[in-house]
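Following: one structure in structure tokens, then a few remarks.
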Amino acid sequence: MGNTISALIKKYNGDSTRLMDMLIDIQSERGHLSDWTIDQIAKLLEIPRVEVEQTVSFYHFFTKEPRGKYTVYLNDSVVAGFAGRERVKRAFEEAAGCTFGHVSPDGLIGLFDTSCMGMNDQEPAALINEQVFPSLTLQKARDLVDGMRAGLDIEALKGTEYGDGQNAHPLVRSLVRNNIMRKGDVIFSDHAPGRSLHKIATMSPLQLITLVNTSSVRGRGGAGFPTGLKWELARKAPGDTKYIFCNADEGEPGTFKDRVILTELPMLVFEGMAVAGYAVGAKNGILYLRNEYRYLREYLERTLDEMRERGFLGSTVAGKAGFSFDIKIQFGAGAYVCGEESALIESAEGKRGEPRDRPPFPVSKGYLQKPTVVNNVETLCAVVKIVLNGSEWYNSIGTKESKGTKVISVSGDCGKPGVYEIAWGFSVNDVLRMVEATDVQAVQVGGPSGSCIGPAEFGRVLAYEDLATGGSLIIIGAARDLVKDVVLNFARFFREESCGSCVPCRALTGMAQVVLESIAAGRATRANLDAFTGWASIMQKNRCGLGQTALNPVVTTMKNFPGVYTALVPDGDPAINPGFDLAGAVRDFDAAVDRLGGGHA
Amino acid sequence: MKKFTFVLNGRDVEALEGQSILEAADGAGVYIPRLCYHKDLLPGGHCRVCSVKVNGKVANACTMPAADWMVVDTDTEELNEYRRLIIELLFVEGNHFCPICEKSGDCELQALAYKFGMTAPLWPTLSKNPPVDASHPDVFIDRNRCVLCGRCVRASRERDGKSVFGLEGRGIRTRIALDSLDGLGMTALGRNDAAATICPTGSLVLKRVGFTTPYGARAYDKAPIGSEIEKKEE
């Protein structure tokens, strides 16, 4: 075993910034990363053991104990809950003979929860040994466990009812479905690979940046930073070595559009990275892809090879001397916070995915302290189309301040969940009609880090100037319990996904869940509710967007749905804490003095 | 180094290029409350206690470089209320029982709690009562009292040229990890290491000297935290 670890480390040139790759390989091959393995890696890389431990213990999919020959990660998203996750979970538990968070006594099956894995339109879904099993039912769960007991390999467990489009590609063979419900004029319009590269080869990098600037395209991840300006800053930053990252971490619950784009249009994404590379003067691109999408690995690697063969990547891209650009894929290992650009960079360097304080910004000191641009999948696709069709064309789509289209991921209580490419400027009502949603209580716009709005705001439009969104829309029907089915789940999500570096985020994501549970159970006071107001005010002090928005699920529902909370808080003296369980506290005493059912009950 | 001025709490103060807002304020005799920051270490930016307002926007003083366009406010009612909340959260997250703690009176967390008028934590502790590791002959670590400021982690790396400490886990489950599976005693930590005495609380403590200075005669018994910086001004 020691030999294989040393071979692996050689494969990555003993470079400790490739620690993520090494750990992912070993975890994938051996099913866990033992203390012995950690010792070996540290010794061979000549770094302290604790440095390896820090990274291993940060990521959800790295485990120090074996997690079974078959490891089931059942999605714990809100929409999975809507779709009957609890029943599927119990079916797995009964069939496997162990509860969630454990491995069956024979070591065969491990059952674990996982944060939203980008399958909200086909829930309940699970990841089993890196393969996706969507739309699970009780029967499917039982059949899967039967198959595991019979020793079937993962391909046999999957069967052959592959999803649509490239999900059925021989290198993908996935059960995942695209559910592309609406194609727009930018991202999902026809694309002939490579054409934009030939076109920019006739332009100077500055001309290209000017074009992108005049198109007014802004980052599609949610923050909306002007793309051209980001490139310009990185281009001007001193240094010869620069990097382009494509952020495909897509961890915001309810978002899955990048998965679909990467499945159907991987060349468009990679081409966009090469365009960015030309503008910035970067020769290296890195696709940071969430671990949940590892089933796309061979297919994406093959796509990169094909692009090299066709001259779209390599030392002379599009036949132009000096236009050198190539791309590698960096996988994550299960951490929502790595969708934050500086955390993503830390992770790609083999470290814990803790965001950095800015300044310095990545455009001046990013990956390996070099100027780095991090762009969202969709942004890079849009840029290719802007190069081909011009900025005037792009400016003709959308609203005054939001140009172009947005690909949205719609899930929850509606007739047609899936991916929709719409021009900016659709109102929430427009979207609800389009996706056939009726009797809607609330819409979670932009995922849990966004806001939860009620019917009074459904006239608002999706645009940077009104409801800015990275594209997740979760529709919450009238029958749902907003606090128990939605807010508590999101609170659990942020508790699991906070990196823990900043105090307000770490402590409050820990506290929020405890307090919300007591609110949901009717054991909270008005003062408990009011505490959130003070807490929300210190969240803005956290370093990153995750930390700053981690109380949004509570804050926005309290603002927009105050009734659901006041109904849960008993009237009475606000100073009296009904959370104190008096009967429980004196139960032992009562038992000792034989007073059960006595005065305290 | 180039000198410039910026506005700090309504008056012009001098700063050197490259200085953080916190360092520049220290130089000007203005104390910005801080916990994870230590003058001998690179800033960590974890506690967010040193958050200030720069031209009306929140910024972290220990990591944000001062600049000539800045108008900085460090001591407003709003900021101090934030600080009180953060300190209170740290008491809730850990298990800090001052009356029997070796560090009482020298503890920066306790001193900040007094400064911001926190009397008692209003929420039950989230601490899971991790065991104390006393395996080292000269130092013990009590994670109940840890605020995850990361000073020991940075000091061991930057000052001692070792890597005795690290972070393990994430979120509310984050804890200080050691460079050995067999406890603090099996690490390279030495009694004279910077890391051994840099802890702001009673989490990492030298053995046998905890009560050499009696309660009542300790640093913050005599003067509130920050007064050593404010004194320079006079």
Side-chain angles (χ1 to χ4, degrees), chain A residues 35-36 38-39 42 47-60 335-337 352-360 494-515 527-528 531 534-535 537-543 547-548 550 579-580, chain B residues 35-36 43-52 57-60 62-65 67 78-79 81-94 122-124 126 147-150 153 156-157 162-181 187-188:
Chain A
D35 280 325
W36 183 87
I38 291 172
D39 279 334
I47 59 175
R49 158 181 231 290
V50 74
E51 305 266 335
V52 183
E53 180 83 52
Q54 292 204 109
T55 298
V56 169
S57 63
F58 188 84
Y59 296 92
H60 181 61
Y336 165 70
V337 68
R352 298 163 64 77
E354 291 180 7
R356 297 174 178 172
D357 263 300
R358 277 143 289 195
F494 280 119
R495 193 186 101 110
E496 291 304 312
E497 300 297 336
S498 164
C499 82
S501 185
C502 298
V503 173
C505 176
R506 183 181 71 227
L508 284 177
T509 53
M511 280 295 284
Q513 196 197 341
V514 175
V515 176
N528 292 154
W535 291 349
S537 70
I538 59 170
M539 292 301 268
Q540 59 171 298
K541 305 176 118 29
N542 290 312
R543 194 181 300 153
Q548 287 157 9
F580 183 71
Chain B
L35 182 59
C36 70
H46 301 299
C47 72
R48 315 314 272 187
V49 171
C50 73
S51 290
V52 294
K57 282 174 72 179
V58 172
N60 195 55
C62 73
T63 52
M64 177 70 76
E78 183 195 14
L79 285 168
E81 172 59 14
Y82 290 164
R83 289 171 183 144
R84 192 190 62 74
L85 273 168
I86 292 175
I87 298 299
E88 188 190 342
L89 282 169
L90 285 169
F91 274 89
V92 171
E93 184 189 46
L122 296 176
W123 301 91
L126 297 175
V147 291
L148 294 168
C149 67
V153 179
S156 186
R157 263 180 231 165
K162 304 175 184 178
S163 252
V164 171
F165 303 99
L167 294 170
E168 196 180 329
R170 73 179 183 207
I172 195 70
R173 286 188 287 265
T174 311
R175 51 174 240 147
I176 292 291
L178 305 173
D179 194 37
S180 162
L181 289 173
T187 67

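All chains are named by letter (A, B, ...) in the order of the sequence lines, taking the proteins before the strands, and each is independently numbered beginning at 1.
Proximity of a side-chain donor or acceptor of A:Arg506 to a complementary backbone N or O of B:Arg170 within less than 3.5 Å is not detected.
For a residue to count as touching a neighbouring chain, one of its non-hydrogen atoms must lie under 4.5 Å from one of that chain's; by this rule B:Arg175 does not touch chain A. Looking at B:Leu79, only its side chain comes within 4.5 Å of chain A, counting heavy atoms on both sides. Both the backbone and the side chain of A:Ala335 come within less than 4.5 Å of a heavy atom in chain B. Contact of B:Leu126 with chain A is made through the side chain alone, with heavy-atom distances under 4.5 Å. For A:Tyr59, the part lying under 4.5 angstrom from a heavy atom of chain B is the backbone only.
In this structure the side chain of A:Glu354 never reaches within 4.5 angstrom of the side chain of B:Thr174, judged on heavy atoms. Looking only at side-chain heavy atoms (C-beta outward), B:Met64 and A:Pro359 come within less than 4.5 Å of each other. Put simply, the side chain of A:Val503 does not reach to within 4.5 Å of the side chain of B:Val147, judged on heavy atoms. Residues A:Val515 and B:Trp123 are in side-chain contact: their nearest non-hydrogen atoms beyond the backbone lie under 4.5 Å apart. Taking 4.5 Å as the limit, some side-chain heavy atom of B:Ile86 sits within range of a side-chain heavy atom of A:Pro504.
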Going through the distances and angles, do B:Asn60 and A:Arg543 end up as a side chain to side chain contact (heavy atoms under 4.5 Å, CB included)? CA-CA 8 Å; B:Asn60 195 55; A:Arg543 194 181 300 153; over 6 Å; no
Does the pair B:Leu181 and A:Arg49 meet the rule for a side chain to side chain contact (heavy atoms under 4.5 Å, CB included), with working shown? CA-CA 9 Å; B:Leu181 289 173; A:Arg49 158 181 231 290; 3.5 Å; yes
Quick one: do B:Arg83 and A:Lys541 satisfy side chain to side chain contact (heavy atoms under 4.5 Å, CB included)? Show the steps, please. CA-CA 10 Å; B:Arg83 289 171 183 144; A:Lys541 305 176 118 29; 5.9 Å; no
Side chain to side chain contact (heavy atoms under 4.5 Å, CB included) assessment of B:Phe165 paired with A:Val50: CA-CA 7 Å; B:Phe165 303 99; A:Val50 74; over 6 Å; no
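At a threshold of 4.0 Å, the pair B:Arg173-A:Glu496 counts as salt-bridged, since one of the basic side-chain nitrogens sits closer than that to a carboxylate oxygen.
For chain B, the option among A:Asp35, A:Val337, A:Thr509 with the highest count of heavy-atom pairs below 4.5 Å is A:Asp35. Comparing A:Gly510, A:Gly500, A:Ser501 by how many heavy-atom pairs each has under 4.5 Å with chain B, the most go to A:Ser501. Of all the listed residues (A:Arg352, A:Gln540, A:Glu497, A:Arg358), the one sharing the greatest number of non-hydrogen pairs under 4.5 Å with chain B is A:Arg352. Chain B forms the most heavy-atom pairs under 4.5 Å with one residue out of A:Ser57, A:Gly534, A:Pro48, and that residue is A:Ser57.
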